[in-house]
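See structure below.
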Amino acid sequence: MNAAPDIRVVHAACPHDCPDTCAMRVTVENGRAVRVQGDPEHPTTNGALCTKVSRYPERTYHPERVLTPLKRVGPKGRGEFVAVSWDEALDTIAARLTAIAARDPEAILPYSYAGTMGLVQGESMAARFFHQLGASRLDRTICASAGSEALLATYGIKAGMHVEHFAESRLILIWGSNSITSNLHFWTIAQAAKRQGAKLVCIDPRRTETAEKCHEHLALRPGSDGALALALMHELIAHDWLDHDYLERYVDGWPALRERALQWPAERAAAVCGLTVEQIRGLARDYGTTKPAAIRLNYGMQRVHGGGSAVRLIALLPCLTGAWRHRAGGLLLSASGWFAGRRDDAWLQRPDLLAGRQPRTINMSTIGDDLLREASPAFGPRIEAVVVYNSNPVAVAPESRKVVAGFAREDLFTVVLEHFLTDTADHADFVLPATTQLEHWDAHTAYGHTYALLNKPAIEPVGQARSNAAIFRALAERMGFDDPCFADDDETLARRAFLADRVDLDSLERRGWARLDVAEAPFANGFPTPSGKAIVDVPGLGVPDHVPNNECAETTPELAARFPLAMISPPARHFLNSTFVNVKSLRAVEGEPLLEIHPDDAAARGIADGAEVRVFNERGEYRCAAAVSTRARPGVVVGLGVWWRKLGRDGTNVNELTHQRLTDIGRAPSFYDCLVEVAAA
Ligand code: SF4
């Protein structure tokens with residue numbers, strides 16, 4: 001008689017770079033994960049995962065997963081490796097890093113981002129390791145730092161509304177967010193509000209799946225969001241749709257902002273934004289007269305030169321109307337600030353191991369330039385080694401030609417911790433097999449809701465995979481790092497990540513998640529700034545204004561004449577940055593790399609739907625298929641990303657065209673501030 005199967009359900013958390021940070025339940029049958037589902041009890045997950053992550057077992061047991069340490073045997077970039085033992089890999093890596101560190105530890109660079117958002121497999125043991133080493137520090141700017149720093153400068157905290165309260169809003173502006181693709185659980189809440197009579201307005205250059213389902217869509221030009229916010233303020237002032245009492249009590253610098261907004265009548269903004277005056281006035285009327293009104297801002301709109309200033313302006317809108325007084329009014333860009341002071345960052349990352357050293361900081365968004373830089377007094381030593389984890393810079397960093405040239409340097413020692421042979425792993429000297437979320441411990445904060453989560457391992461590591469923390473622990477041991485913190489195991493790191501007096505650890509243990517104690521209407525009575533008020537005139541930044549793109553007819557007319565189309569590169573629906581591109585069932589839905597182009601722009605260039613096109617500018621060229629569609633507004637093309645280069649038509653992706661110039665605030669890349677021309681191939 002067959003034995004009954006051993007079936008268990010384990011609490012887990014989605015590790016991906018998505019505001020929803022879903023609570024998951026993993027069903028394990030005889031030691032194998034067979035199903036991943038949304039936790040029906042978790043209030044924002046509400047029992048549902050997105051299509052991408054519901055295929056997590058497919059990704060975990062993917063036949064192409066890296067399951068042993070690999071050593072390079074071919075030219076860099078070709079992805080030719082042989083399997084080696086953990087001992088050989090770790091001994092060699094430790095010896096190389098030790099030799100480089102003996103000359104100058106700043107020649108070693110960690111490179112990581114949000115491949116996992118976990119506190120343990122992100123920056124815990126890794127941070128301890130690089131702090132002890134005295135390696136260069138990494139400025140982690142590639143996604144969100146323009147908006148994050150703008151929010152911090154304005155509100156004193158990177159935080160906003162509870163996402164659940166959007167269900168009670170009467171007007172929701174979905175600004176710079178394709179929520180159906182990248183914030184699905186917010187979209188479910190917005191749908192509930194819609195059923196109760198709320199109006200949904202989407203503000204996005206692209207007619208996204210989300211825009212199609214809103215009552216209105218304002219397809220503004222990329223990089224014009226700040227001008228739109230100023231014109232909305234102008235209308236609010238002109239019609240006195242202001243909450244004077246709120247402005248008086250809780251906004252520092254209102255007269256200066258008023259003066260700035262009065263310079264932006266709807267006519268001026270309409271010309272900048274590519275909208276009609278009526279569209280702007282109609283939106284202002286809705287926003288000024290509907291209560292409660294809420295804004296779901298997302299990070300796409302801040303990936304332009306003036307992205308930080310635009311976020312500051314939009315963040316001030318609910319201060320004019322006093323929308324913050326109601327729990328269903330205000331704005332949500334990030335909730336991550338609510339977790340500060342609730343997790344033990346100093347213990348997790350141990351910056352004290354630097355022991356007074358102040359290593360230089362390298363901006364991850366300029367990795368293309370920096371890998372190619374020679375040693376100099378200003379820069380410091382040439383980068384001799386890069387350790388990449390939770391990131392795929394060869395695919396996702398801007399201006400790929402330089403990034404690829406940098407990672408192809410024969411004298412660069414590159415170690416990549418990965419699940420798959422990505423474009424970056426193909427350039428590694430050693431690839432180390434990392435565990436997936438189903439195989440390791442972790443603890444999670446979120447940036448789209450206010451629940452802490454605990455991820456327990458559901459299955460044993462697949463193949464010889466080890467967790468990131470275990471890999472850095474093993475390297476620390478070989479390199480003679482003897483602080484007791486290098487002995488902390490993953491479970492200890494996960495269980496101690498949150499502070500016991502600030503997070504309900506019992507709930508974390510029992511349910512896998514715990515709600516933070518955050519006020520219902522957090523800014524109804526002011527902001528956590530020294531004055532208790534939102535700040536308009538930020539020291540060093542001044543009063544915010546619209547900042548035009550680096551590349552546009554206004555600032556670079558000669559360039560705009562040669563490359564007249566503005567390109568944005570938002571994620572394709574079934575990918576999450578460059579993650580999931582190799583999951584065949586998801587790639588099959590996406591088809592192939594596409595460039596959406598408006599029928600008028602296509603006709604002017606003799607481009608038919610489905611035809612192969614060359615997308616090019618001074619930095620490079622990218623070939624893909626044209627999707628002639630009104631999803632793109634005239635003058636704007638949409639290169640859906642982020643495809644792995646090696647899966648593209650010509651071994652490149654959209655980042656062949658993007659540049660490394662940074663945003664006005666936050667030192668972030670301006671991916672969506674990019675002029676191109678398109679031609680039939
Ligand atoms: S990617 Fe986002 S929506 Fe999908 S399961 Fe993860 S957190 Fe949820």
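Read the numbers this way: they start at 1 and go in the same order the structure lists the ligands and their atoms. Note that this is a predicted model, so its numbers are computed, not measured.
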Which atoms of ligand 1 have any heavy atom of Val53 under 4.0 Å away? 1 (S), 4 (Fe), 5 (S), 6 (Fe)

Inspect the contact between Glu656 and Arg649 and indicate whether a charged nitrogen and a carboxylate oxygen are less than 4.0 angstrom apart. no

Mind checking whether Asn455 and Trp441 have side chains closer than 4.5 Å, heavy atoms only? no

Taken in chain and number order and not counting sequence neighbours, the residues that satisfy salt bridge (charged side-chain N to carboxylate O under 4.0 Å, His left out) with Arg515 are Glu164

Could you tell me if Arg496 sits above the aromatic ring of Trp347, with its cationic atom closer than 6.0 Å to the ring centre and no more than 45 degrees from the axis? yes

His185 touching ligand 1 at heavy-atom level, < 4.0 angstrom: yes

Look at the N, O or S atoms of Cys18, main chain and side chain alike, and state whether any lies under 2.8 Å from atom 6 (Fe) of ligand 1. no

For atom 4 (Fe) of ligand 1, decide whether Cys50 has an N, O or S atom at a distance under 2.8 Å. yes

Indicate, as side chain, backbone, both or neither, the part of Thr21 found under 4.0 angstrom from ligand 1 when only non-hydrogen atoms are considered. backbone

By salt bridge (charged side-chain N to carboxylate O under 4.0 Å, His left out) - contacts of Glu399 (at least two apart): Lys402

